[in-house]
A.B. asks: 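Attaching a single structure in structure tokens format; questions to follow.
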Amino acid sequence: MTDLNTLESDVLAQVAGAADLQALDAVRVAALGKTGSISGLLKTLGAMSPDERKERGAAINALRDRVQSAITEKKAALEAAELDARLARETLDLTLPGPYRRKGSVHPTMQTMDEIVSIFAEMGFAVAEGPDIEDDFHNFTALNFPEKHPAREMHDTFFFNRKEDGERMLLRTHTSPVQVRTMVSEKPPIRIIAPGRTYRVDNDATHTPVFHQVEGLVIDKGIHMGHLKWTLETFLARFFETDAVTTQFRPHHFPFTEPSAEMDVQCDRSGGEIKIGQGTSWLEILGCGMVHPNVLRACGIDPDEYQGFAFGVGVDRLGMLKYGMPDLRDMWSSDSRWLAHYGFSGFAAPNPASGLS
Ligand code: DAH
């Protein structure tokens, strides 16, 4: 068996001495390859007596396994060393200024959000916020979505795994739960807008899984649809910076408002571009209505004493319309050329006095 011991220490020394992956592979082929030294030994077994073959065979196989595992171990060590060397070679100091020195800019969605907030702030609305991770009560139940109602399905909700107590949290599908949170924690009169991120399982040219809404809510005595109409028309005229905005209410259904409507704005679609304030087409831009008595009750407000209106606007969509961006998905592409083209200066915060856009 001394021949086997010599061969083993020889091969193991070559494995240990291999300077790189290529050299190691050459050692492997020379020992374990088809015509390698250890494979050659296995071929001699055929000529041996059964007893001899049993003993020699086991010894050669054990030798082959030890050499194979030494090679595997060495390979991992060489690969790790190579990665370390590469990381050291390609070290990049991300705090250094980049070669292009492109100025940062405000994303059009955030600009649009700021514009909406500034218009409503001037009208006396306060900004309210709520969590992105909501519970079923605030996102659905308190908003008068009956259990198992198909409207829940229509929201294509991202659900979390059930907690131990069986409750299932979710990513809010709209900003309407902030209405509930506000009515529960504040006494009327209430006049708020709630800007924020919303989430639905949806992805195409006009839908992204994350999008933005601004919710509006007014609760007081004697509030009616006329207040809603004036508020929205005034907002749209300021947002599109033209007095020529013409709108229409179209009857609709939302569980949390009664009556409910969608508001369309008149526009011109000829020539592939959408122009607000002219033309004969209609474009749907928001949902609204009078807060349903069930919602008021769920939030501890007496519907015989107080009434209110609410609305929900898609921010990304409004931004696309105002600034002529054709595909919603570009908003998330992080393409610096797109951002440089559509972005806004961080030094020019929108406000109604100095102009919005
Ligand atoms: N939450 C609705 C949605 O995401 C939008 C909406 C419609 C909000 C009507 C409202 C409303 O407050 O009154 O589709």
Side-chain angles (χ1 to χ4, degrees), residues 113 116 120 125-132 134 136-146 149-158 170-184 190-202 206-220 223-233 235-236 247-265 283-296 298-299 301 303 306-318 328:
M113 194 92 108
I116 299 173
F120 280 108
F125 284 71
V127 172
E129 289 185 314
D132 289 20
E134 263 298 2
D136 190 86
F137 175 77
H138 291 92
N139 198 80
F140 290 126
T141 308
L143 288 164
N144 198 35
F145 283 79
H149 191 277
R152 288 188 184 222
E153 306 300 318
M154 277 160 55
H155 272 224
D156 296 320
T157 313
F158 285 107
L170 49 89
L171 288 174
R172 65 178 177 193
T173 57
H174 50 178
T175 40
S176 304
V178 184
Q179 282 188 30
V180 177
R181 290 185 178 276
T182 308
M183 284 189 273
V184 165
I190 291 171
R191 214 185 303 161
I192 55 124
I193 52 163
R197 285 188 172 188
T198 44
Y199 308 81
R200 287 188 202 177
V201 186
D202 217 346
T206 51
H207 298 89
T208 50
V210 186
F211 56 106
H212 302 79
Q213 290 188 338
V214 169
E215 186 80 13
L217 175 73
V218 169
I219 305 284
D220 206 343
I223 297 290
H224 54 72
M225 287 286 275
H227 297 123
L228 170 61
K229 187 163 187 282
W230 179 88
T231 305
L232 291 176
E233 283 183 346
F235 159 66
L236 290 172
T247 58
Q248 69 177 12
F249 275 137
R250 220 169 356 88
H252 198 75
H253 171 77
F254 297 106
F256 34 89
T257 41
E258 182 56 40
S260 305
E262 279 189 331
M263 189 175 243
D264 299 338
V265 63
L283 187 76
E284 167 212 325
I285 49 163
L286 55 84
C288 58
M290 300 304 293
V291 180
H292 197 293
N294 287 351
V295 177
L296 294 171
C299 300
I301 294 177
Y306 288 101
Q307 299 75 40
F309 67 74
F311 56 90
V313 197
V315 179
D316 314 75
R317 213 158 199 253
L318 225 48
L328 196 56

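Start at 1 and go down the list; that is how both ligands and their atoms are numbered.
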A.B. asks: Could you list each nitrogen or oxygen of ligand 1 that sits under 3.5 Å from a protein nitrogen or oxygen, with the atom names and the distance?
C.D. replies:
{"residue": "ligand 1", "atom": "1 (N)", "partner": "His174", "partner atom": "ND1", "Å": "2.9"}
{"residue": "ligand 1", "atom": "1 (N)", "partner": "Ser176", "partner atom": "OG", "Å": "3.0"}
{"residue": "ligand 1", "atom": "4 (O)", "partner": "Arg200", "partner atom": "NH2", "Å": "2.9"}
{"residue": "ligand 1", "atom": "4 (O)", "partner": "Gln213", "partner atom": "NE2", "Å": "2.9"}
{"residue": "ligand 1", "atom": "12 (O)", "partner": "Gln179", "partner atom": "NE2", "Å": "3.2"}
{"residue": "ligand 1", "atom": "12 (O)", "partner": "Glu215", "partner atom": "OE2", "Å": "2.5"}
{"residue": "ligand 1", "atom": "12 (O)", "partner": "Phe311", "partner atom": "N", "Å": "3.3"}
{"residue": "ligand 1", "atom": "12 (O)", "partner": "Phe311", "partner atom": "O", "Å": "3.3"}
{"residue": "ligand 1", "atom": "13 (O)", "partner": "Ala310", "partner atom": "O", "Å": "3.1"}

A.B. asks: Just say parallel, tilted or perpendicular for the rings of His252 and Phe254, cut-offs at 30° and 60°.
C.D. replies: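 Because their plane-to-plane angle lies in the 30° to 60° range, the rings of His252 and Phe254 count as tilted.
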
A.B. asks: State whether the number of non-hydrogen atoms from other residues, nucleotides or ligands found under 6.0 Å of Glu284 atom CD is greater than 12.
C.D. replies: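 More than 12 heavy atoms, drawn from other residues, nucleotides or ligands, come within 6.0 Å of this atom.
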
A.B. asks: Between Ile192, Val218, Leu217, Val214, which is the residue that forms a side-chain contact (heavy atoms from CB on, under 4.5 Å) with Phe125?
C.D. replies: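 Result for side-chain contact (heavy atoms from CB on, under 4.5 Å) with Phe125: Val218.
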
A.B. asks: Indicate whether any N or O donor in one side chain lies under 3.5 Å from an N or O acceptor in the other, for Thr198 and Gln213.
C.D. replies: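 The criterion, which ignores hydrogens and geometry beyond distance, is not satisfied for Gln213 and Thr198.
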
A.B. asks: Can you confirm whether the side chains of Thr173 and Asp156 place a donor and an acceptor under 3.5 Å from each other?
C.D. replies: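 Thr173 vs Asp156: no donor-acceptor pair found between side chains.
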
A.B. asks: Name all residues meeting the ring-ring contact (aromatic ring centres under 6.0 Å, His included) criterion together with Tyr199; count only those two or more places apart in sequence or in a different chain, and write none if there are none.
C.D. replies: none

